[in-house]
Amino acid sequence: MIEVRDKEVLLSTKSTSYLLSYSKANYLTCEYYGSRLSSFEEAKPLVSDLIINQGTELNIDDKNLNLSLNQMKLELSTLGRGDFFSPSLIIKNSRSMIFDFKVDKVEVVKPIIHNILPMPRDPSEELVICLADNDMHVVVELHYILYSESDIICRYIKVINQDSQPLHILKAMSMQLGLVNHNSTLVSYYGNWANELNVQQTKITHGRIVNESLTGSSSNRHNPFFIVKEDNCNAINGNCYGYNLIYSSNFEESVEMDSFSKIRVQVGINSTLFDKSLLQGESFVTPCALLSYSSNGYNKLSKEFQTFINNHIVKKKFNFESRPIAYNSWESCYYKYNKRKIKSLIRKASKLKMELFVLDDGWFANRNDDAHGLGDWEVNRRKLPGGLKSLANYAIKKKMKFGIWMEPEMVNENSRLYKNHPTWIIQDGIHTPIKGRNQYVLDLTKKEVQDFVFDSVSKVIESADISYVKWDYNRNISDMPNSGTFFYDYICGLYSVLNRIVDKYPYILFENCASGGNRFDLGMLSFFQQSWISDNTDSFKRGEIQKGARLGYPLSVMSNHVSGKTSNQLLRYTSLDSKFNVACFGILGYELNLCDLKPVDIKCIKKQILFYKKHRDVFQLGVSSFIGRDDNSYSIQAQHNGKIIAAKYYTHTIPNPKEYHLRLLDTEKNCDYSFYSRIQNRDFARFGSLINMVSPIHIKEDGALIHFISNRFTMDGEYIHGIISGKILENSGIALPMLWSGTGISNSMSIIHDFDSRLYVFEKC
Ligand code: DGJ
């Protein structure tokens, strides 16, 4: 709801309010952002009056008040008029670089849709506040968009040059927000390849903290989602504010605390290397920033973002559609395969009741390593006689869909494309362009390159019965030409290609990939329904990555695969059950070598797939929350339509562990829940020489006999089940089976290995 009255506007979402004011000399400020207010009046005690300027502050308006811009919670800030925070807008023309913007017009409009940058769909209301500097003939529109049933506010700005002099935009943040400091902490991500989305907490102290990317993508170093939480905030209690940006290139987000301990938060395009010039009558629209507030801790904030992404970012056709269980060829084959190998994998995957076969890298040109072939999107008929068509038909015959890997934005020097079009790569024309993973990036700011990418993807999609495309992007951008908007233009070029492709092939399921999570953001999710968030499929590390991702993103956009027991990334050994217990939270897939499976593994995977299919709605569409951490474990849950699935992930085993209880969050207090644990396999080989305590003959710990037995036979692990009321489940939780600790053994004990895990299902009765 948007209410406008004299010099004030109150934006109200489901449970938050945002109070804008321009009563102070027409400067636009946010006087309050927090729990929903019932009226303007209720906000009165929250607004602090500026009585006198402190110390060395400067007066902006002698007539009205002793008013200093630096003391105000400005929604837009510039240079040179007494505001000494880092400005949210830096612009200049040949006459001046000082701009003084005051409110000129306030309008509630029918939501406006722009078509270059992606925007959330299905908005309900929009407020536009026009700020003008009449001496400089520049107008800045501040847009605030609301969505029914959501606590997310979307913001962007539009800069319009009405002056005859060209205007240079050097920095244009999509949003700025002033906050009162309550011993606040910034929660943001850091990472790198195979190590994405680590959550870090930084105490906000005086000065400016910047969360940004300069790689040309949103990057695996940082991610545009972040939280500012107050000192009382934890997973379920306290105040916090979440932010994200719908943009896939260099972003800049800052949290600055000035010497008066006031905080300003900014979110927008990175200003490094940014210089956009506007002629008279031209305008520039920034990407959309999202913000939300929760008074119930960061789980509630995550829930808002997760729900919003499903309802307003992911395309309607796919947002609530169940996604197939994939088999992907990458980790089992890399580039080394032929038609016979792929067909035997299709057969095995189909027998295990997987639903989509994805042929990853290596199927085109002379692509037998990463130094050849990118750009030449024609099937390698020596490797795959019969082409994609015959493989797709074979998969379909075996009741699976068929999908393909592409990396359309890239080219290898060893390719026909590079030989024919060496000028299509990103380069400054002076330095020898540098390579990453032996490849160059095609310059998508050029129309002919956009057309080439569109045509090559179209041709591949049309060459066979393809229902899925994994779109990869495996290097960062370097050697950009001398243009103040190169990164912005590149991403707009990409968005334009993606728009054309998803419009033409609305039925294709696209998976966004960038060496894993090097471009995992809301811009890409506006086109591609799901994302490969990391190349790391080691279950323990992957669990941490997914835990980080869930803070700001829903399960429905993350695809996770069960790979071989020995992780290709870390060489850590974990059981297939542990790998499944992590990968199932999201869109499940497999990429271990199915031809090498032992009989017990086949049984184990069959059980996993049955279990996943039964609970797919919870795993893919559930709202996921962090429950809590214990000495050697942490637990999470996903909830959908009265069903909750919880996982307990152990890091390491400890002797004589304490009694564990599993408590859930957000249960329906007046309902009963029936519950049960997923039964997992016990591997005889992991009892070591202790097996001799029960064996009539001597069995060597690493001998052939134990391997023979453990390849063929397993024992079921512990099983618990029962009924519990929602209230007790939340307050006290269920007692988990006792953990085995060196002496005695029983079927109802839980034998936990390092990095082991368990799943529990709770259904409303
Ligand atoms: C990087 C991706 O993240 C992997 O899953 C795989 O598709 C390779 N690229 C293929 O080159």
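Counting starts at 1 for both ligands and their atoms, in listed order.
Relative ring orientation between W330 and Y335 is described as perpendicular, the plane-to-plane angle rising above 60° on a 0-90° scale split at 30° and 60°. Ring geometry, W471 versus F528: the interplanar angle falls from 30° to 60°, so the pair is classed tilted. Taking the six-membered ring for Trp and thresholds of 30 and 60 degrees, Y649 and Y634 have ring planes inclined between 30 and 60 degrees apart. Taking the six-membered ring for Trp and thresholds of 30 and 60 degrees, F619 and F611 have ring planes inclined between 30 and 60 degrees apart. Between F755 and F540, the ring planes lie tilted relative to each other; the angle falls in the 30° to 60° range.
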Test salt bridge (charged side-chain N to carboxylate O under 4.0 Å, His left out) applied to D577 and R678, step by step: CA-CA 10 Å; D577 272 330; R678 185 173 95 79; 2.7 Å; yes

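A distance limit of 4.0 angstrom between heavy atoms and ligand 1 selects the residues W330, D360, D361, W405, R437, K470, D472, N474, C513, S515, G516, W532, D535.
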